[in-house]
Each structure stands twice: as C-alpha cells, then as structure tokens.
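Remember, predicted model here, so these are calculated numbers, not experimental data.
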Amino acid sequence: MSYTVIDSPLGELTLVADDAGALRALYMVEHRHAPDVSTFGERLAGDDADEVFGEVTRQLGEYFAGERTTFDLPTAPAGTPFQLAVWEQLRAIPYGETRTYGELAVALGNPKAVRAVGLANGRNPLSIIVPCHRVIGASGAMTGFGGGIERKEWLLGHEGYQVVPSQPALFA
C-alpha cells in the first residue's frame, strides 16, 4: 500500500491505495476511525504520487470546482459484507440529495437495521468518493460524520443541499 496527502477546501486529505492502484481510503484531518498513518505504507510525493493518485486528485479537483457529481475510480475498501453493502447503497445517493439511515436500512431489506447502518456509514473509509455525508437523521438533522459535522455541512452545501448549520462555518 501507499499514500499521499493533498490539499482541498476541507483541509488536507490523505489518500491510500493498494498495490494495484485502487483507492482504499480517503481520510480528512482528525478523521474519526482513521487508522494510524503507519498502516498506510509508503508515502509518495511528486511524480510517484501523480502516477498512483493522479486520477483521484483530478476527479476530486473537479468535484470541488463544481464540475463533477460522481466519481469513476477503482476502489477497494476493506469492510465486512454488511459494511460493503451499506457503502454500495451510499454510492446510489444522487449528488445534492440525502437519505436517512432508515431509508438505507429499508433499501437493504432490513428496516430494523437503522443503527447498524449508522455504524457502517461511520466506518466508511472512502469519504466524499462514497458519499456518506449525504446521510442525515430522520428529523433532517445533521448527524455524525467521520470528518466532522462542519465538513459534512460544507459538502452538502457545496452540492446545493439547503443546510441549516449546526454552528458557524469553519470552511469558507
């Protein structure tokens, strides 16, 4: 595995890829549930980073510029079969829209799995790429996000979703 760190409107993002070049993770600064950086392998920079992470970086740049609404990248997140199923449901949430944990549980065929869906959503290692920020509480409230509620609100606002901020914006 290897990793690199790139700048974004949300602060530094750490990108992790497997040996085949598939994206395994995207973590934000102080990302909840992020493993220690020592598990990410070799840190790449310059041309080496561009070779492995160039396409991810390009697509993220387009997303942040408002020119991209979906990602087309090889990914290889590590998770349980249930987590992988939840993360696949996250990919189906359209840009600028949200779903509740309950709606995801119903889509998975288990309406009582709301809490389990929430736990799997919180362990998503591919933030932004697999849009876990598009999941909100049943009341419409902003709920937990591995990168922090402020970043979740920024991402949803960036996508045109009308967010009622939980606190003053940290990212302008």
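Formation of a donor-acceptor pair under 3.5 Å by the D19 side chain with backbone atoms of M1 is found in this model. At least one donor-acceptor pair under 3.5 Å links the side chain of T57 to the backbone N or O of F53. At distances below 3.5 Å, at least one donor-acceptor pair connects side-chain atoms of H31 with backbone N or O atoms of M28. Between the side chain of Q83 and the backbone N or O of T80 there is at least one donor-acceptor pair closer than 3.5 Å. Although no hydrogens or angles enter the test, the distance criterion places no donor-acceptor pair under 3.5 Å between the side chain of D50 and the main chain of G54. Remark: side-chain polar atoms of K152 are not paired, donor with acceptor, to backbone N or O of I136 under 3.5 angstrom.
Other residues, nucleotides and ligands contribute over 12 non-hydrogen atoms within 6.0 Å of the CZ atom of R68. Within a 6.0 Å sphere centred on CD of E62, other residues, nucleotides and ligands contribute more than 12 heavy atoms.
No donor-acceptor contact under 3.5 angstrom links the side chains of E153 and H133, judged on distance only. Of the N and O atoms on the side chains of R151 and S8, not one donor lies less than 3.5 Å from an acceptor on the other residue. Side chain to side chain, E12 and Y27 fail the donor-acceptor criterion of an N or O pair below 3.5 Å.
You'll find the side chain of L10 reaches within 4.5 Å of the side chain of I128, heavy atoms only.
Taking both residues in full, the closest heavy atoms of T100 and A138 are given as CG2-CA, 3.9 Å, listed atom of the first, atom of the second, then distance. The two residues D36 and T39 have their closest heavy-atom pair at O-OG1, 2.7 Å.
Salt bridge present: E97 and R99 bring a charged side-chain N and a carboxylate O closer than 4.0 Å.
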For L15 and Y3: C-alpha separation, side-chain torsions, deciding distance, then whether side chain to side chain contact (heavy atoms under 4.5 Å, CB included) applies.
CA-CA 5 Å; L15 308 175; Y3 75 101; over 6 Å; no
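Between H158 and F64, the angle of the ring planes lies from 30° to 60°, which puts this pair in the tilted group.
Connection of L155 to V56 is established within a shared hydrophobic cluster, with ILVMFWY side chains joined at heavy-atom distances below 4.5 Å, either directly or through further cluster members.
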